[in-house]
Amino acid sequence: MANIAAQRIKREFKEVIKSEEVAKCAIKLELVDNNYTELRGEIAGPPETAYEGGNFVLEIKVPETYPFNPPKVRFITKIWHPNISSVTGAICLDILKDQWAAAMTLRTVLLSLQALLSAAEPDDPQDAVVARQYKDNLEMFKLTAKHWTNAYAGGPSINTECDDKIKRLVDMGIEEHQARVALSSYNWDLERATEQLFS
Amino acid sequence: MADSALADGNVHQRYCLQFYNNRSCPYAGNCPYNHKLRYEVEPVAFLKGADFFLGELPIPANQRPCHFHKIGQCLYQDKCRFLHDNDGSLRGYHSVEGTGPICAVLKSQPQESVAFSIVNLPSTSSQSNLDATCLTVEKECASSEACSVTSENNELRGEQGSEQNLEGEAGACASPPLVIVNNKNWVDAPEFVPRSKPKSYAQVVSPESLADKGDHRRLCPYTTKDGICVNVATCTNVHGDFCDMCERFTLHPYNEEERKRHKQECIKQHEKNMELSFAIQRSKEKSCGVCFEIIMEKATGEQRFGILPNCNHCFCLTCIRKWRQARQFENKIIRACPECRVTSDFVCPSMYWVDTKEDKEKLIEDYKKALSRKDCKYFKRGEGKCPFGNKCFYMHAAPDGSKIDVGPPPRQRRQRHADTDLDVLQVMLWDFLDEREFPWHSLADDLEDLVSFFTDSDESDWSDYELFVD
């Protein structure tokens, strides 16, 4: 069975390389090992979203039963998104779980993830904190997501206010990522974040 | 027959008919003849007929003497494409024919020939015995010029050309008619055939209208099969005309009805062939939506399409079946097309891709028809219970063959799991057997689908089951 999985990934790999999305730098796929069981994907943040300009790296693990089972995909790049865990990068997307179909490919998965970035599903969250923020304070969510894109995915928009707050926590001896998570979780309320970090 | 009529020296140059026609020869390596297949030899040469077996260059038809004319039976008369020569090279032959009232055309049938010869040999006599007697006879009638001795006929044979060798020895005697059998070719010893065919009273009265045109005579099976009848002269069957469609000598030369029937058959066959080549053409490039491989290029046994009745996406049977057996997803997911998610209730196996609605309907209908002739492995001729009730595609019949309507499927659908596993195993084995039996439709069942549909314990309820109705 492993054979059919490897054969298919080989074909898919060629297909992705030739696809127009690669030409437009929207998605990217590369091999991690030579037996086609582990790959590295990359998707560009969709335009007109908080993720614009960022490049998000994904870890793709192909099970032996592929394509009868979906590939295991998670974000390596830290991302602020209701359906993606800000801690582990785990993705909540139906097609990667119970709605998988054997005719789907790595290309369609990557494109679906790109679509997920532009259309979050806060009612079916992976990260409850992010989802709550998305629902309660959309502006704050966008700001945070943009900041994360800049900090981890090479996004262009620099928010000096956020950077300052993080710097102050870092000065207090807090690790940068921890500080960012705390601030993001408390809507960039420095006091509450500090309180949470030192409690 | 032809072989034995030829001199031994030619043996190795000639082709073994057994091998040539049947691709196998019981003598295998020990066969003295040349082992070659028909396809290896020029097709034109083989159509030229018996000459080919002699390893000689084919003589054009119009230069070869007509065998039928020789015996005064050519039905083509002036239109015959073979040479009608009454003097020339055939003189020897005809002069013999004219010598006496009891002139005979001889055929290679040893027993009858012995009976015919004046020497009243017992037909069971061994060859040496026969030879001895022959010699005596030769001595006795040595002074009589009217007696022609077959062993001396070799010179005459040389004149007549190799063709006549095929017919066996042609010899005839004036009074007393006597045949001395050549000890080498005793099997080819002549048989008495009256020159003038027996006529019925009606034929004598009105020979024109009732002339036997051979309408009802059978086509020569040798010509029909290979285009070659080695006993052209003595063959009692008619030799068919060449049919362009099947490229064989299968057209009855006189029987119009027979001709028409054959042509229609050929056209039908041709249409079938065309359909098949179209099917192959449209299937050739199709790849499976799951494994992405081109289905016709897969390993033998996997080159089968799994046709979903409700959408037009292409999968190989193995992949779509495997997908529909996946236990990790809901029924709704696995029963849907992996590409478009349109639910189909079963998969129809097919050797070729169908793209038109009509073709597909026909395929599915054929499939169901084929399944309905097979006993349901759950029903077990009344011994078991089929969970699909009267919606089952398979036959529910009592041991005496009478169909039984078991009513709609029961609404209760939970089963003990141990049982289920056993059932699945049986179905798989059965599948395997089926595939061997029926290459085109491979009446492999869709029960796997049904089983997975059945045993999966999720929310989908029996209302889904209505989908089995057409």
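Numbered from 1 within each chain, the chains take letters A, B, ... in sequence-line order. Values below: all heavy atoms of this structure, side chains included; hydrogens, waters and symmetry mates excluded.
- Between the CZ atom in A:F68 and the SG atom in B:C291 there is a gap of 7.5 Å [rounded to 0.5 Å].
- Taking 4.5 Å as the limit, every side-chain heavy atom of B:I333 sits out of range of all side-chain heavy atoms of A:W100.
- No more than 12 heavy atoms of other residues, nucleotides or ligands lie within 6.0 Å of CZ in A:R168, so this atom counts as exposed by the packing criterion.
- Minimum interatomic distance between B:C319 and A:I4 (heavy atoms only, all atoms of both residues): SG-CD1, 4.2 Å.
- Under a cut-off of 6.0 angstrom, the local environment of CD in A:E121 is sparse, with at most 12 non-hydrogen atoms contributed by other residues, nucleotides or ligands.
- Considering every non-hydrogen atom in both A:A103 and B:F292, the closest pair reads O-CZ, 4.4 Å.
- Side chains of A:R11 and B:E293 form a contact here, defined as non-hydrogen atoms less than 4.5 Å apart.
- Enclosure of atom CD in B:E285 is not indicated, since only 12 or fewer non-hydrogen atoms of other residues, nucleotides or ligands lie within 6.0 angstrom.
- Taking a 6.0 Å sphere around NZ of A:K28, one finds it holds 12 or fewer heavy atoms contributed by other residues, nucleotides or ligands.
- The two residues B:R341 and A:I95 have their closest heavy-atom pair at NH2-CG2, 4.4 Å.
- By the 6.0 Å contact criterion, NZ on B:K298 is enclosed, its count of non-hydrogen atoms from other residues, nucleotides or ligands being greater than 12.
- Among all heavy-atom pairs drawn from B:P338 and A:A101, the shortest one is O-CB, 3.1 Å.
- Between A:M104 and B:E339, every side-chain heavy-atom pair lies at or beyond the 4.5 Å cut-off.
- Residue B:H270 qualifies as open at atom NE2: its count of foreign heavy atoms under 6.0 Å is 12 or below.
- Remark: the backbone N or O of A:K97 is not paired with any side-chain donor or acceptor of B:Q328 at under 3.5 angstrom.
- Looking at B:C340, there are no atoms closer than 4.5 Å to chain A (heavy atoms on both sides), in backbone or side chain.
- Heavy atoms of A:T105 lying under 4.5 Å from chain B belong exclusively to its side chain.
- Atom CG in A:D98 sits 9.0 Å away from atom NZ in B:K332 (nearest 0.5 Å).
- For A:N34, the CG atom sits in a loose shell: 12 or fewer heavy atoms of surrounding residues, nucleotides or ligands are nearer than 6.0 Å.
- Between B:F329 atom CZ and A:Q99 atom CD the span is 9.5 Å, to the nearest 0.5 Å.
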